[in-house]
Asker: 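I'd like to ask you about the structure that follows.
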Amino acid sequence: MKTIRRAVLLLVLPLVLGGLSAPLGAQESAITVEGVIAREVVDRMPVDTGSTFSADVETLWCWTKVTGAEGMALEHVWSFAGYEWVVPLQIGGSPWRTYSSKKIVAEWKGEWTVTVRDTAGNVLHTMTFTIE
């Protein structure tokens, strides 16, 4: 009889404990990300935002405001012509403003993408811009 109770407990306990936390999908849906590409960030706010920049821009900034991800690690992934630059970011509160920058070489003309993702690779937000 003890063996049967123990087996039932081992089967039921994970189901009960699992039901105490929110499902993974519910946690992810609570995360919101707003973002822009800017020429500067001043006092933690983006300045001179846009979707098209001249090739002489030298540096661009990806600014994001993240809500619902306190304590998580996220990434800004800058992508161009098959190359990726990954910038790790630690989210310290909610909402949380954070940003990364990328030096732009004048020859790197074309469409760029910055993806905000969690460390599992889930895409939370995507921004595109063009260097002319």
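In this chain, residues are counted from 1 in sequence order. Just so it is clear, the model here is predicted, and its values are computed rather than measured.
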Asker: Measure across Gly68 and Ile31 and return the closest heavy-atom pair with its distance rounded to 0.1 Å.
Answerer: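 Looking at all heavy atoms of both residues, the shortest contact is O-CG1, 3.3 Å.
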Asker: May I ask whether Val87 and Met72 are part of the same hydrophobic cluster, defined by side-chain heavy atoms of I, L, V, M, F, W, Y residues being less than 4.5 angstrom apart, directly or through others?
Answerer: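 The answer is yes; both residues are in one hydrophobic cluster.
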Asker: Just verifying a value: how many Å separate Thr52 OG1 and Glu111 CD, rounded to the nearest 0.5 Å?
Answerer: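 Separation between the atoms: 10.0 Å.
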Asker: Between Leu89 and Trp96, is there a side-chain heavy-atom distance shorter than 4.5 Å?
Answerer: no
Asker: Would you say Glu40 and Asp48 make side-chain contact, with heavy atoms under 4.5 Å?
Answerer: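 Not touching, per the 4.5 Å side-chain cut-off.
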Asker: Check Cys62 against Met127 and note the closest heavy-atom contact, atom names and distance.
Answerer: SG-CE, 3.4 Å
Asker: Does Val86 reach the side chain of Arg117, with side-chain heavy atoms less than 4.5 Å apart?
Answerer: yes
Asker: Using only atom types and a distance under 3.5 Å, with no angle test, would you say the side chain of Asp43 pairs donor to acceptor with the backbone of Met45?
Answerer: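 Checking the backbone N and O of Met45 against the side chain of Asp43, no donor-acceptor pair under 3.5 Å is found.
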Asker: Where is the tightest heavy-atom contact between Ala73 and Thr119, given as atom of each residue plus distance?
Answerer: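 Nearest heavy atoms, Ala73 then Thr119: O-CG2, 3.6 Å.
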Asker: Which heavy atom of Arg39 sits nearest a heavy atom of Trp61, and at what distance?
Answerer: O-CD1, 3.3 Å
Asker: Quick check: do Ile104 and Trp112 have side-chain heavy atoms less than 4.5 Å from each other?
Answerer: yes
Asker: Does a side-chain heavy-atom distance below 4.5 Å link Val114 with Leu60?
Answerer: no
Asker: For the side chain of Glu34 and the backbone of Val66, is there at least one donor-acceptor N/O pair under 3.5 Å apart?
Answerer: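 Side chain of Glu34 to backbone of Val66, a donor-acceptor pair under 3.5 Å: no, none is there.
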Asker: Do you reckon Tyr99 sits in the same ILVMFWY cluster as Val42, going by side-chain contacts under 4.5 Å, direct or chained?
Answerer: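 As far as the 4.5 Å side-chain criterion goes, Val42 and Tyr99 are not connected within one cluster.
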Asker: Taking all non-hydrogen atoms of both residues into account, name the closest pair between Gly71 and Gln90 and its distance.
Answerer: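 For Gly71 and Gln90, the tightest heavy-atom pair comes out as O-NE2, 2.9 Å.
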Asker: OG1 of Thr130 to NZ of Lys109: how many Å apart, nearest 0.5 Å?
Answerer: 13.0 Å
Asker: Minimum heavy-atom separation for Lys65 to Pro95, with atom names?
Answerer: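 For Lys65 versus Pro95, the nearest heavy atoms are CE-CB, 3.7 Å.
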Asker: Just say parallel, tilted or perpendicular for the rings of Trp108 and Phe80, cut-offs at 30° and 60°.
Answerer: tilted
Asker: Under the rule for side chain to side chain contact (heavy atoms under 4.5 Å, CB included), what residues qualify as partners of Val36, not counting sequence neighbours?
Answerer: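 Only Pro46, Thr49, Trp63 meet the side chain to side chain contact (heavy atoms under 4.5 Å, CB included) criterion with Val36.
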Asker: Are any non-hydrogen side-chain atoms of Lys103 and Thr59 less than 4.5 angstrom apart?
Answerer: yes
Asker: So, Thr64 and His76: side-chain donor and acceptor under 3.5 Å apart, yes or no?
Answerer: yes
Asker: Using the six-membered ring wherever Trp is involved, compare the ring planes of Trp78 and Phe129 and label them parallel, tilted or perpendicular (cut-offs 30° and 60°).
Answerer: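 Perpendicular: the ring planes of Trp78 and Phe129 meet at over 60°.
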Asker: Once you round to the nearest 0.5 Å, how far does OG1 of Thr67 lie from CD1 of Ile91?
Answerer: 10.0 Å
Asker: Would you kindly confirm whether Ile131 and Val105 end up in one hydrophobic cluster when ILVMFWY residues are joined by side chain heavy atoms under 4.5 Å apart?
Answerer: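 Same cluster.
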